[in-house]
Amino acid sequence: MTGAPLDDAPVITRFAPSPTGRLHVGNIRSAVLNWLTARAAGGRFILRLDDTDAERSTEAFGDAIRRDLDWLGLHWDESFRQSERFDAYHAAADRLVRDGKLYEAFETPEELELRRRTLAMRGLPPIYDRAALKLSEAERAALRAEGRRPVRRFLLDGQDESWEDLVRGTERVDCTAISDPVLFRADGQLLYTLASVVDDAETGITHVIRGADHVTNTGAQLQIFRALEQTPPAFGHHSLLTGPEGEGLSKRLGSLSIGQLRDAGIEAIALVSFLARLGSARPVEPATRMEDVIAGFALSSFGRAPTKFDEAELTLHSAKTLRAFEHAAVAPRLAGLGVPPDEAPGFWAAVGPNLDRLEEAGAWWALCRDGAVPIVAPEDAGFVAEALAVLPPRPWSTETWGAWTGALKAETGRKGKALFRPLRLALTGRDRGPDMALLMPHLRVTPAPEAIQAAAAV
Ligand code: GLU
């Protein structure tokens, strides 16, 4: 049984995406859990680009991954690409060959498929039968002469592998029930299975946190660590995400990219705090500071049950997060929407608690700056005209609304909704929105009497 690394070893985690596409909610969960595990322990977080597949990996996807992580605030202490490290992988492979742990297998995919079907028909596990191990040197030479190119497989040692999984508890993989993993394809291309072990060993990774789809892989990789005489890290396999009803994650949700979520107005820290709790025993709570997300994180609170991901829940969580932001957290973005810095704190106090997405603040700012197209019910036209005529002179403060509506109440006898609603509609053209007392100091333009008349006539 493999134990977790010594408690006093500095924690080092890594996120290892393949730069063959944009990051999506499925793999960003691994990023979040690894980043938080490192930060919560005061450790290090490494970004590793698994780009051994030269055909599918691109520089542009690598850059996009970096940008997405940056946007999320998941900063890394060190970054490297597997394509820079072929020498290290080949050295490890040489060692495995020397020790009789890596062997050539010449079967074509079609032959393997046929054998798998035969085994399945006989009720046997469809695993590779190691026929290649029985070939003589002469037979191998003959196959080569035929033009066959072998894959290279790692010889599993046929015993159970078990470990204390950081998420799933005691986990076991029966290595007699899995095929010897291919470490090099027939075209010579090295696969991730070996590269990852070499990197995890050489960069001193202490915790590997990844999806439950890697559990079997871990069984094989533990044996590769051992074959290379390296101490394996601790492993944690988070459950896979499902759709809101427990169904498999739809193609759309599964491939929902970070870019799309950002464009939909999801706050970066909201996505991180959401994934920091989703599937754990702790409730999803809005957080406005990363320190709080880190402090409230515990990998041990996660469970093995599949985790429902509901985009609507995330949207709601993001809105709650946004409304809780202090002005300082959004100041640069408000400036970007044209809100003058001296007015921004008061303006944020007024509109912030009403927003679902930050960019909606832009519309409220335009309304303050340019005035609204008023809405006036015909029966309220007289009251609204009278009210606007007695508006106190500017500058307005947060007291203005109370003083003005108080006086109108005394004068007209209107109260409650009958008093406030026509005024809100006339000043903002909307029947709901920010606290009017807080908004008044920022309303630069009020409708002219003609505009009230015109609106009432519609
Ligand atoms: N590149 C692998 C993947 O994206 C990394 C898995 C791992 O974390 O070991 O599945």
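All ligand and atom numbering here is 1-based and tracks the order in the structure. What you see below is based on every heavy atom in this structure, not just the backbone, and it leaves out hydrogens, waters and symmetry mates.
Residues W71 and R66 are not in side-chain contact: their nearest non-hydrogen atoms beyond the backbone lie 4.5 Å or more apart. Using a 4.5 Å cut-off on side-chain heavy atoms (C-beta onward), T307 and T242 make no contact.
Scored by the side-chain hydrogen bond (donor to acceptor under 3.5 Å, both in side chains) test, R262 finds no partners at all (sequence neighbours excluded). Not counting sequence neighbours, the partners of Q82 by the side-chain hydrogen bond (donor to acceptor under 3.5 Å, both in side chains) test are D50, D199. The side-chain hydrogen bond (donor to acceptor under 3.5 Å, both in side chains) check on S273 picks up H317, with sequence neighbours excluded.
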Distances for all N or O pairs of ligand 1 and the protein under 3.5 Å?
{"unit_1": "ligand 1", "atom_1": "1 (N)", "unit_2": "A16", "atom_2": "O", "d": "2.7"}
{"unit_1": "ligand 1", "atom_1": "1 (N)", "unit_2": "D50", "atom_2": "OD2", "d": "2.7"}
{"unit_1": "ligand 1", "atom_1": "8 (O)", "unit_2": "R14", "atom_2": "NH1", "d": "2.6"}
{"unit_1": "ligand 1", "atom_1": "9 (O)", "unit_2": "R14", "atom_2": "NH1", "d": "3.3"}
{"unit_1": "ligand 1", "atom_1": "9 (O)", "unit_2": "R14", "atom_2": "NH2", "d": "3.0"}
{"unit_1": "ligand 1", "atom_1": "9 (O)", "unit_2": "Y192", "atom_2": "OH", "d": "2.5"}
{"unit_1": "ligand 1", "atom_1": "9 (O)", "unit_2": "R210", "atom_2": "NH1", "d": "2.7"}
{"unit_1": "ligand 1", "atom_1": "10 (O)", "unit_2": "H214", "atom_2": "NE2", "d": "3.0"}

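Under a cut-off of 6.0 angstrom, the local environment of CD in E326 is sparse, with at most 12 non-hydrogen atoms contributed by other residues, nucleotides or ligands.
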